[in-house]
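Input: a single structure, listed below in structure tokens.
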Amino acid sequence: VGDQIWGSVSSADVDLDGYEDFVVSSKNGHLYIFDINGLKADYDAGRWLIATPVIGNIDSDPELEIVVGGYQSPTSTSPLFAVNHDGTSVDGFPYIVGEKMKSGVALADMDDNGIDDIVFGTDGDNLYVLLDDLTIAPGFPIDLNGNIRSEPAILNTGNEKIIFSGSEDENMYAINYSDASIRFTVETGDDVYTSASFVETDSS
């Protein structure tokens, strides 16, 4: 791919042709989409791409899209990229955040309209929820007091969607999406660089 790969490889049948596609981002600024038959698309973002690309459905067409943030100066024009299965930009993207993103995003239908929304943290200490109409959800972004260097994780309890995110302030945060309030905080004793995961037990 011509330069370093910092993130993980993602996979899904992005173009719905029956073959699993693989997506990898590189520090050379390129996002590559390929399957067993070879390269399908090469998207040149023009910025370092060091996060894991995340695959979901963020628009109304049936094919899937790939979302990844940029991590290169100038910070004021740092974008969030969303790429179609054919290597073209999704309408409205790149979306200028103005803050660098070192980790991947989370995709989930936060507002229950059938389309994935984008949840991400930045080196500006902020946690965002970008809705599919390209507006920021009410109450966001939230300042988590330190760089956010891991992908958010989202738990749907049925009554509430809870966003979990670590920070470089030695805390793990749980945030209610409905009102952007902090549900609870766990003091971890050091900076958090990994995502939360969930397990169902006999009791809960």
Side-chain angles (χ1 to χ4, degrees), residues 1-59 61-72 78-95 97 99-110 115-123 127-130 132 147-155 163-166 168 172 191-199:
V1 301
D3 208 335
Q4 300 168 11
I5 299 170
W6 289 34
S8 300
V9 177
S10 298
S11 66
D13 184 3
V14 178
D15 56 5
L16 309 181
D17 67 351
Y19 293 97
E20 193 80 357
D21 299 306
F22 301 91
V23 184
V24 61
S25 57
S26 173
K27 193 178 175 185
N28 69 357
H30 287 254
L31 184 76
Y32 300 96
I33 307 170
F34 59 94
D35 68 5
I36 192 171
N37 296 311
L39 186 67
K40 289 184 171 181
D42 175 357
Y43 180 83
D44 184 0
R47 298 270 183 143
W48 291 356
L49 301 179
I50 62 176
T52 297
V54 178
I55 300 169
N57 198 344
I58 65 168
D59 60 19
D61 64 40
E63 292 85 9
L64 303 180
E65 292 77 43
I66 302 122
V67 181
V68 64
Y71 197 77
Q72 190 173 8
S78 289
L80 183 67
F81 299 96
V83 181
N84 290 307
H85 68 280
D86 59 0
T88 59
S89 294
V90 175
D91 288 347
F93 290 87
Y95 177 90
V97 179
E99 300 179 44
K100 293 180 182 178
M101 287 158 278
K102 195 170 188 178
S103 60
V105 306
L107 298 180
D109 183 9
M110 304 300 287
I115 301 175
D116 285 340
D117 306 299
I118 305 172
V119 184
F120 61 94
T122 71
D123 270 17
L127 180 74
Y128 286 84
V129 177
L130 180 66
D132 58 89
N147 294 338
I148 301 171
R149 295 289 180 83
S150 60
E151 290 79 6
I154 299 166
L155 178 66
I163 304 166
F164 290 80
S165 180
E168 283 193 337
M172 170 69 76
D191 299 335
V192 180
Y193 295 118
T194 55
S195 300
S197 57
F198 311 108
V199 61

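This chain uses plain numbering: 1 for the first residue, then up along the sequence.
Checking side-chain atoms of Ser150 against main-chain N and O of Tyr193 turns up no donor-acceptor pair under 3.5 Å. Remark: the backbone N or O of Asp86 is not paired with any side-chain donor or acceptor of Asn84 at under 3.5 angstrom. Checked by atom type and distance alone, the side chain of Asp117 pairs as donor or acceptor with a backbone atom of Met110 at under 3.5 Å.
A heavy-atom distance below 4.5 Å is not found between the side chains of Lys100 and Thr122. Residues Val9 and Val23 have side chains not in contact (no heavy-atom distance under 4.5 Å, counting atoms from C-beta outward). Using a 4.5 Å heavy-atom cutoff, the side chains of Leu31 and Ile66 are in contact. Annotation: side chain of Val105 is not in contact with side chain of Val119 (no heavy-atom distance under 4.5 Å). You'll find the side chain of Asp91 stays beyond 4.5 Å of the side chain of Asp59, heavy atoms only.
At a cut-off of 3.5 Å, with distance as the only test, no side-chain donor of Ser103 or Glu151 sits close to an acceptor on the other residue. Side chains of Ser89 and Tyr43: a donor on one and an acceptor on the other come within 3.5 Å.
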Checklist line | Stepwise side chain to side chain contact (heavy atoms under 4.5 Å, CB included) test for Ile118 and Leu107 | finding: CA-CA 5 Å; Ile118 305 172; Leu107 298 180; 3.6 Å; yes
Checklist line | Check against side chain to side chain contact (heavy atoms under 4.5 Å, CB included), Ile5 and Val24 | finding: CA-CA 8 Å; Ile5 299 170; Val24 61; 3.7 Å; yes
Next item on the list: Test Ser26 against Leu49 for side chain to side chain contact (heavy atoms under 4.5 Å, CB included), laying out the working first.
Entry: CA-CA 5 Å; Ser26 173; Leu49 301 179; over 6 Å; no
Next item on the list: Step by step, work out the side chain to side chain contact (heavy atoms under 4.5 Å, CB included) result for Leu130 and Leu80.
Entry: CA-CA 10 Å; Leu130 180 66; Leu80 183 67; 4.0 Å; yes
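Rounding to the nearest 0.5 Å places CG of Asp3 at 11.0 Å from OG of Ser25. In this structure, Ile55 CD1 and His85 NE2 are separated by 13.0 Å, a value rounded to the nearest 0.5 Å.
Open room surrounds OH on Tyr19; 12 or fewer heavy atoms of other groups in view lie less than 6.0 Å from it. Within a 6.0 Å sphere centred on CG of Leu39, heavy atoms belonging to other residues, nucleotides or ligands number more than 12.
Residue Ala82 comes nearest to Ile58 through the heavy atom pair CB-CD1, 3.6 Å, listed as atom of the first residue, atom of the second, then distance. Residues Asn147 and Asp123 come closest through the heavy atom pair OD1-O, 2.6 Å. Closest approach of Ile163 to Pro152, counting heavy atoms only: CG2-CB, 4.1 Å. Shown here for Ile148 and Ser165, the closest heavy-atom pair between the two residues is CG2-OG, 3.5 Å. Minimum interatomic distance between Ile154 and Phe198 (heavy atoms only, all atoms of both residues): O-CE1, 3.7 Å. Residues Val14 and Asp21 approach most closely at N-OD2, 2.8 Å, considering heavy atoms.
Among the candidates Asp116, Asn57, Val54, the single residue satisfying the side chain to side chain contact (heavy atoms under 4.5 Å, CB included) test with Glu65 is Asn57. Ser78 pairs with exactly one of Glu99, Gln72, Arg47 by the side chain to side chain contact (heavy atoms under 4.5 Å, CB included) rule, that one being Arg47.
Relative orientation of the Phe120 and Tyr128 rings is parallel, given thresholds of 30° and 60° on the angle between their planes. Between Tyr32 and His30, the ring planes are parallel. Angles under 30° get that label, and only those over 60° would be called perpendicular.
For residues 25-38, the salt bridge (Lys or Arg N to Asp or Glu O under 4.0 Å) pairs, not counting sequence neighbours, are Asp35-Lys40.
A ring-centre distance under 6.0 Å is not found for Phe81 and Tyr95.
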